[in-house]
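FYI, side chains are in, hydrogens and waters are out, and symmetry mates aren't considered; it's all heavy atoms of this structure. One-based numbering along the sequence shown.
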Amino acid sequence: LVVAFVNSQFPPPLRFASLASQRRYPVALHGCSLSFLIETLRPYGFHLVRLSGPYAAFVHSSRLTEEIGSADADEFECFRR
């Protein structure tokens, strides 16, 4: 399970990630976009199952069940809700 902060100022399909070592970004630009997280975690077998406010939850494919969610969650639809 991975739960991460998502910066909602960057809707899908925009990919953004501020780096901790780069102090030039204002606080409003900290974090990363949902699309960036999906792109980063998918190669490791993690799939988006929930987006609630500023938090996104990802579950590894080996742990996915119907009760948890689908491996094919639509990032655009999740972001609009």
May I ask whether Tyr44 and Phe36 are part of the same hydrophobic cluster, defined by side-chain heavy atoms of I, L, V, M, F, W, Y residues being less than 4.5 angstrom apart, directly or through others?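 No, no single cluster joins them.
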Would you please test Leu48 and Leu34 for side-chain contact (heavy atoms from CB on, under 4.5 Å) and show each step? CA-CA 9 Å; Leu48 174 68; Leu34 179 60; 4.1 Å; yes
Check whether any side-chain heavy atom of Ser33 lies under 4.5 Å from a side-chain heavy atom of Leu14, and answer yes or no.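 The answer is no, as the side chains (C-beta and beyond) never meet within the 4.5 Å cut-off.
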Distance check, rounded to the nearest 0.5 Å: His60 atom NE2 versus Leu1 atom CG?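 Going from NE2 on His60 over to CG on Leu1, the span is 12.0 Å.
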Checking Phe46 against Phe58 for the ring-ring contact (aromatic ring centres under 6.0 Å, His included) test, could you report, in this order, the C-alpha distance in whole Å, the side-chain angles of both residues, the deciding distance, and whether it holds? CA-CA 6 Å; Phe46 286 91; Phe58 296 82; 7.6 Å; no
Is the number of heavy atoms from other residues, nucleotides or ligands under 6.0 Å of Tyr55 OH greater than 12?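 Count not over threshold, so no.
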